[in-house]
Each structure stands twice: as structure tokens, then as C-alpha cells.
A.B. asks: 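Below you will find the structure I want to go over with you.
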Amino acid sequence: MLTTAQESVIAATTPVVAEHIEAIAKRFYPLMFARYPEVKTLFNAAHQQSGGQPRALAGAVVAYVQLRHEPARLDEVLGIIVDKHVSLGIRPEHYPIVGECLMAAIGEVLGEAVTEDVADAWGALYEELAGLLIEKEARRYHDFAAQPGGWDGTREFRIVAKHPESTVITSFELAPVDGGPVAEHRPGQYIGFKLTIDGETVHRHYSLSASPNGEIYRVSIKREDGGKVSRHFHDRLAVGDTLELLPPAGHLTLAAGDSPVMLISAGVGQTPMLPLARQALEEGRRVVYLHAARDGEVRAFADELDELRKAFPALLQVITVYSQPRPEDSPDHVGRVDAALLADYAPRDAQYYTVGPADFMRCVDAALETLGVAASRRHHEFFGPAESLARVA
């Protein structure tokens, strides 16, 4: 717990730190990778280059300062961070590294403004945050390992099936090498992978695209031309190959109740929507499933959605939106997803879930806000570092 004097210092210096927080975050990562190159494998290089990772760190620090005394909202923010950390296998020994390098970055950016008292106060604030995260992560690891089919650390899985869902998306079905059961996950969650590619360790997480069944996990991955890991999956991995998995995590899960559900996705953002749709339908809830793609060639899971529609004809409505349809395509709409289109299909008092490219999610979220949908009914998941949908790209 911070002392009264430290609280006063934090209050007085927060505006200055917040003003320079993105510069601090941008300095933090190169500094940490230079001092501790072993942690670089935990981060996606593309997110460093795009600025997504530094923005996420900056946002988390500012959010913590603002929400420290609002437990409910703080739990929500920390829960998102814990999800990402669990999918990467973050452990208590990583936190001193981050603390050291974060304080060094603050000192480099703010210079003489960082007096001994300021450094002491912000160091104590970081220790407070680290302690909360370590506690929450330890509880999550313990609870997952204790359930049937759970494990601690990584567990080896074998690819038992690999099949294309479209020209760019392929599904991989994974079963434990030890032959044991598979721990349940919540529909909408993702799972972490620890891979070695050409001698280099990398971490990624992918949405679980099938409902939990106690036997396998399924991920469905888009092949990105510049994506080192996605190309490894598509081009080099085959049935029989093994992979190391970390526990499932993620907060894009179905809100309790009987309200209708609208699932809005673009591209490979469809992957967590399939298990969410099935769960909602099995609960007897109406589901409006709107998916945007370039054309019918890249659209995935058409057959799976047709099967769901046949099983739940009175509850499921599927809408396709293609931006560049081929002559043989027959989408419900051509163009972009906007407020006018959403207004035609949005159920009254529904829960809304959006996944896709960041700009797509920002546009959809703004459109839903325009339609009067409360923020508490708008849910989303970023594939990479969590960012604000309000940020102007």
C-alpha cells in the first residue's frame, strides 16, 4: 500500500506522466529487449512495429492510476491483462524485469523531473500493480490446473486433423499427446501457443473456433503473407506434428441471460463467433450472425453455419456482406458494414459482439453507439494488444 506522501506525489505527477506515457512505452520495449533479450520471445514483433504494444502498455498504466480506487472497473481492466498474460505463461519472475525497465524509461523520458521522491512513488505504484496481477494470475493458473484435463505451464498436443475452411483459413484440430482429457474452455476464448521456428521461440494465441468437447481444441488460422507464425502453421505443420499449448483465456464470453445476441465479424474474426453462436442457440436465444468478407472464396465456415441454421431455423439468422463479390457469389449485401445496415438487423435489447480488424471494430462500435446501444452491451476482442476502440487510427 502506498504511503500518504507517495499518494500525493502520484496525484501531482500523473498529468506529466500521462502526457508522455506513449513516449515512455516506446522507449521501454527497446530498453527491456536490450537488457533482457530472453523476454523478447513473449512479444509479437509486428505489434511492436505498428505501435500497438506500446499503446497497450501506456493505456494500462494510465488506466490503473485512474481506476485504483474503483474496484469493479479495475477488476475488468486487470482481467483483460491477466487473460493475455496467462496465454503467454507470464510468471512472477518477469515482473522485476518490467519494473526495472519501466522506471528506467520514465527516467530517460522525463529527465530531471524524476526526483528521488517521484521515482520512489512510481516504483511503489508499479509494485502495487505487479502484486495484484501476480495474485490474480496465480489463482488462474491454480484453478485451471486443478480442473479435469487442466495443466500447469505448457502441455504437448498433436495435430490430429488439418483442413481448409477457405482459400486463406485452415483449421487445426489438436489432441493431447498424453491421451488425457482436455480441460473445458468458455466459448469465445483463445489459447496460447509456444513454438520454435527456425531455432527461435515465439508465442502466439489464437481463438478456439469449436465448442468445448473434452477431447480436442480447434483453432482456425488465416495465412498472412507476411506472418511468420501463420505461414509456419499453413506451410510446414502437418497431421502428426506436436505443439506446446498454454491455458485458454479471454474475456469475450457470452453475457448471462436470455437476451438476443448479435455477432458481427470480419475476415478471420469469425473464429470465436462460431462457439458463441452455438452456446447462445443451445440456450434458446435468438442469434443474428453478420459476417463481412472480401468474397465467397475467402469466407470460411459456410457449411458449418448452414448446419447450425438447419438445427435452429427459428433462432439463427445469417447475413453475409461482401466488399468485392465474384460473379458467382450471392451475398446478402455488397459494400461495408455501417449504421444503416446494422439498424436493419439489430435485435432490440441485444448483446453485441464484434471481432475483426481494428478499423472494422472501431467503425462497428461507433455505428452501434449511434444506434443508441449502451457500452455495457457492446463487447469486442482484439487479436493483438488490447487498445481503445475510441482511438483514431
Side-chain angles (χ1 to χ4, degrees), residues 1-40 42-44 47-85 88 90-138 384-388 390-392:
M1 181 179 292
L2 272 67
T3 66
T4 301
Q6 289 170 333
E7 292 279 7
S8 297
V9 171
I10 294 295
T13 56
T14 290
V16 177
V17 173
E19 181 183 353
H20 295 89
I21 193 64
E22 284 204 26
I24 292 168
K26 288 177 181 177
R27 180 63 193 121
F28 161 77
Y29 285 102
L31 193 155
M32 182 173 65
F33 296 157
R35 292 187 182 183
Y36 301 96
E38 66 272 19
V39 305
K40 193 171 184 178
L42 296 169
F43 299 90
N44 187 326
H47 298 151
Q48 294 293 324
Q49 294 166 4
S50 70
Q53 192 76 56
R55 281 194 299 270
L57 173 63
V61 172
V62 172
Y64 181 66
V65 174
Q66 294 172 338
L67 301 178
R68 285 177 62 228
H69 304 297
E70 297 183 47
R73 292 182 63 198
L74 180 61
D75 278 347
E76 180 181 352
V77 172
L78 294 186
I80 295 172
I81 297 172
V82 168
D83 283 333
K84 299 292 185 184
H85 285 186
L88 292 167
I90 298 298
R91 297 289 178 170
E93 57 266 28
H94 293 115
Y95 282 91
I97 293 173
V98 172
E100 172 196 325
C101 297
L102 183 60
M103 292 307 300
I106 290 173
E108 286 191 20
V109 172
L110 299 185
E112 294 181 358
V114 184
T115 63
E116 184 177 342
D117 288 344
V118 170
D120 176 68
W122 281 91
L125 183 79
Y126 172 78
E127 291 297 328
E128 179 183 90
L129 172 58
L132 287 173
L133 291 172
I134 290 170
E135 179 183 354
K136 290 177 179 293
E137 288 156 14
E387 298 183 51
S388 171
R391 188 181 65 82
V392 178

A.B. asks: If you compare all heavy atoms of W122 against all heavy atoms of T13, which two are closest, and at what distance to 0.1 Å?
C.D. replies: NE1-OG1, 2.8 Å

A.B. asks: Tell me which donor-acceptor pairs under 3.5 Å the side chains of residues 31-39 have, and how far apart each pair is, sequence neighbours excluded?
C.D. replies:
residue : atom : partner : partner atom : Å
R35     : NH1  : E100    : OE2          : 2.8
Y36     : OH   : E100    : OE1          : 2.5
Y36     : OH   : E100    : OE2          : 3.3

A.B. asks: Would you give the length of the straight line joining atom CG of L129 to atom CD1 of I81, rounded to the nearest 0.5 angstrom?
C.D. replies: 6.5 Å

A.B. asks: Taking only residues two or more places apart in sequence or in another chain, which ones pass side-chain hydrogen bond (donor to acceptor under 3.5 Å, both in side chains) with Q66?
C.D. replies: none

A.B. asks: So, using side-chain contact (heavy atoms from CB on, under 4.5 Å) as the criterion, who are the partners of I90 when residues are at least two apart?
C.D. replies: L42, H85, L88, H94, Y95, E137

A.B. asks: Do L125 and Y64 come close enough that some side-chain heavy atom pair is under 4.5 Å?
C.D. replies: yes

A.B. asks: Measuring from atom CG of D75 to atom CG of L67, what distance do you get when rounded to the nearest 0.5 angstrom?
C.D. replies: 10.5 Å

A.B. asks: Can you name the closest pair of heavy atoms from V109 and A23 and give their distance?
C.D. replies: CG2-O, 3.9 Å

A.B. asks: Of all residues at least two apart in sequence or in a different chain, which pass the side-chain hydrogen bond (donor to acceptor under 3.5 Å, both in side chains) check with T14?
C.D. replies: none

A.B. asks: Can you run down the side chain to side chain donor-acceptor pair (under 3.5 Å) pairs that involve residues 102-111, sequence neighbours left out, and say none if there aren't any?
C.D. replies: R27-E108

A.B. asks: At their closest point, which heavy atom of A12 faces which heavy atom of P15, and how far apart are they?
C.D. replies: O-CD, 3.7 Å

A.B. asks: For a quick test of reading the model, state the closest non-hydrogen atom pair linking L2 to A124 and the distance between them.
C.D. replies: CD1-O, 3.8 Å

A.B. asks: Return each pair, listed once, that meets salt bridge (charged side-chain N to carboxylate O under 4.0 Å, His left out) where at least one residue sits in residues 58-73; pairs must be two or more places apart or across chains.
C.D. replies: E7-R68, R68-E128, E70-R73

A.B. asks: Please report, to 0.1 Å, the donor-acceptor pairs under 3.5 Å made by any side chain of residues 112-120, with sequence neighbours excluded.
C.D. replies:
residue : atom : partner : partner atom : Å
T115    : OG1  : V118    : N            : 3.3
D120    : OD2  : Q6      : NE2          : 2.8

A.B. asks: CE of M103 to CD1 of I24: how many Å apart, nearest 0.5 Å?
C.D. replies: 9.5 Å

A.B. asks: Under 4.5 Å between any side-chain heavy atoms of I10 and V17, yes or no?
C.D. replies: no

A.B. asks: Who passes side-chain hydrogen bond (donor to acceptor under 3.5 Å, both in side chains) against E127, sequence neighbours left out?
C.D. replies: none

